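Structure first, commentary second.
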Amino acid sequence: MAPPSQKQDAVLVGVHLPGVTDLEFASSMEELERLVSTLGYRTIGRVTQARGHLDAGAVLGEGKLKDLGGLTGGEGIVGSPAPKKKDKARRPPPPNPGADEEEAPEEENPEGAAPGGAPNHRGEAQAALVAVDHDLSPSQARNLERATGARVLDRTGVIIEIFHRHAKSREARLQVEIARLAYTAPRLRESPGGKERQRGRGAGEAALELDRRKIRDRIAELREELAAVQRDQDVRRAHRRQARRVALVGYTNAGKSSLMRALTGSDVYVENKLFATLDTTVRVLHPETRPRILLSDTVGFIKKLPHDLVASFKSTLDEALEASHLLHVVDAADPSWPAQLEVTRGVLEEIGAGSVPSTLVMNKIDKLAPEDLRSLRMRLPDAWFVSAHDPADVAAVRGRIVAIFEATYVEAELVVPYDRQAILSEMHESGRVADERYDEAGVTVRFRAEAETIARLRTVLARRTLS
Ligand SMILES: Nc1nc2c(ncn2[C@@H]2O[C@H](COP(=O)(O)OP(=O)(O)OP(=O)(O)O)[C@@H](O)[C@H]2O)c(=O)[nH]1
Ligand SMILES: [Mg+2]
């Protein structure tokens, strides 16, 4: 999906907590910046602080909160009056999200001013979004909104927004909507200065409870719809189950879709953005093998993937989980690849794919210095080292995929009578015909294929010969 045409500004907030290394902290902030950019915002500043814990009130200490307010046009104090402007961004999605309208930042903020309304007294650029690299409690989020006058999203909120905007298939859209509502329900509150306030606190609470109930009902409805969509999917999947399947899995932006394109000659979506792919796509390995090998491209993983999304995306990934082999793609040029590798392994375990045979594919080696590549090769002797942009590497990957399947082949010699040519063509379809000799009884075929295929063909041949 195209990003909003008019980029808006964001400020990132990170607290460097004890036990987190400098590299981990830096790469986490870097990743947040990319997530925010995927949402269509430009990062104009970062407010970071080393602290022993996250402040229960507003995450940051007083001084840092003031700095943050300076970047957003807010007062920078928790006691600031709630912003008056009726800003959709700050409000939860409507309890009936069936309409499912796009929430592009510029729509929320047509004038391009900070949602707080008041212009920054220094007349500087004001950020409309504060993205916090930690999970926020509803009250921390509210306090930060008060102090900054900006929209506040935590990491989970940012990720859910991205999924919400990018999900295309019916199934993915339903899954994201469920995750989004589940995330929103506890964060619902009376809108400040709204009608409920005037009607008195009791009425406000009742309205809030009603909204929450509507959300719960809506989630139940969506779950039913999802179950129906998934039943359809299962039927379609069952038809494909025969085929041999390889799934590309890995951290977001590792290069899965790039490899998929190169290996299948297809035009799946590739972008230097996080979560470019949200749906599983299946294509045939190209040039085609006999029998065909199918390749699936899947949604990328990310650290702290909201648990709800892991659960809901499990079914998007089911397709991949049925693969007989996983290619675990890693961005070898990203210094935090070891952590990304661990995250991916963790999620694979969580969704029950931990035992599917897999091969590590260290991608983007064109970006590595020769000495770094050498030491990586020594460290990971079983991994494949490739650049998805190098046709020779891609051809090698294809060859290795084919070899994985052919390694399980066994060889047999079958005699096919001349009046059974259909069987001969089936053999060409389902395995590798090494040699054909023509004699009186028929064609003697030296054939390599999976043991079950050979057993099946033998049965077919024997049955027809007897009759
Ligand atoms: N230099 C270099 N860049 C690569 C390579 N492979 C992929 N990229 C780039 O990395 C970025 C991400 O590639 P994608 O193929 O979209 O990554 P992905 O793993 O599908 O990402 P998600 O769908 O977000 O999970 C794109 O800008 C690619 O052009 C490579 O081998 N070398
Ligand atoms: Mg992709």
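Predicted, not measured: the structure shown is a model, and the values here were computed from it. Counting convention: from 1, in listed order, for ligands and their atoms alike.
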Are S387 and D393 close enough that a side-chain donor and a side-chain acceptor fall under 3.5 Å?
no

dist H325:NE2 -> L295:CG (nearest 0.5 Å) comes out at 11.5 Å

Y251 side chain to E31 side chain, donor-acceptor N/O pair below 3.5 angstrom:
yes

Counting only heavy atoms closer than 4.0 Å, does ligand 1 sit against the backbone of K256, its side chain, both, or neither?
both

Polar contact flag, side-chain donor to acceptor under 3.5 angstrom, T48-H16:
no

Atom indices of ligand 1, in the order listed, that fall short of 4.0 Å to a heavy atom of A388:
6 (N), 30 (C), 31 (O)

Which atoms of ligand 1 have any heavy atom of G255 under 4.0 Å away?
7 (C), 13 (O), 14 (P), 15 (O), 17 (O), 18 (P), 19 (O)

Polar-atom distance check: A254 versus ligand 1, any N or O pair below 3.5 Å?
yes

Pairing of R46 and E33 as salt bridge, 4.0 angstrom limit
yes

State, to 0.1 Å, how close A179 and I160 come at their nearest heavy-atom pair, and which atoms those are.
O-CD1, 3.9 Å

Which ligand 1 atoms are under 4.0 Å away from a heavy-atom of S258?
6 (N), 7 (C), 13 (O), 14 (P), 15 (O), 28 (C)

Do any N/O/S atoms of S258 come under 2.8 Å of the Mg ion (ligand 2)?
no

Among N363, V249, L259, V330, the residue with a heavy atom nearest to atom 6 (N) of ligand 1 is N363

The side-chain contact (heavy atoms from CB on, under 4.5 Å) partner of L144 among V13, L153, V132 is V132

Using a 4.0 Å heavy-atom threshold (strictly under), name the region of D366 that reaches ligand 1: side chain, backbone, both or neither.
side chain

Hey, which atoms in ligand 1 end up nearer than 4.0 Å to a heavy atom of G300?
25 (O)

For ligand 1, note which part of N253 has a heavy atom under 4.0 Å away: side chain, backbone, both or neither.
both

Is D297 close to ligand 1, meaning an N/O of one under 3.5 Å from an N/O of the other?
no

Check side-chain contact (heavy atoms from CB on, under 4.5 Å) between R213 and all other residues, then give those that pass, not counting sequence neighbours.
L210, R216, D217

Under the 6.0 Å and 45° cation-pi test, does R448 pair with Y409?
no

For S257, the atoms of ligand 1 under 4.0 Å from one of its heavy atoms are 15 (O), 18 (P), 20 (O)

For D334, all residues meeting salt bridge (Lys or Arg N to Asp or Glu O under 4.0 Å), sequence neighbours excluded:
none

Looking only at distance, does T298 have an N or O less than 3.5 Å from an N or O of ligand 1?
no

Who's closest to atom 8 (N) of ligand 1 heavy-atom-wise, of K364, R261, R34?
K364

Could you list which atoms of ligand 1 come closer than 4.0 Å to a heavy atom of S387?
30 (C), 31 (O), 32 (N)

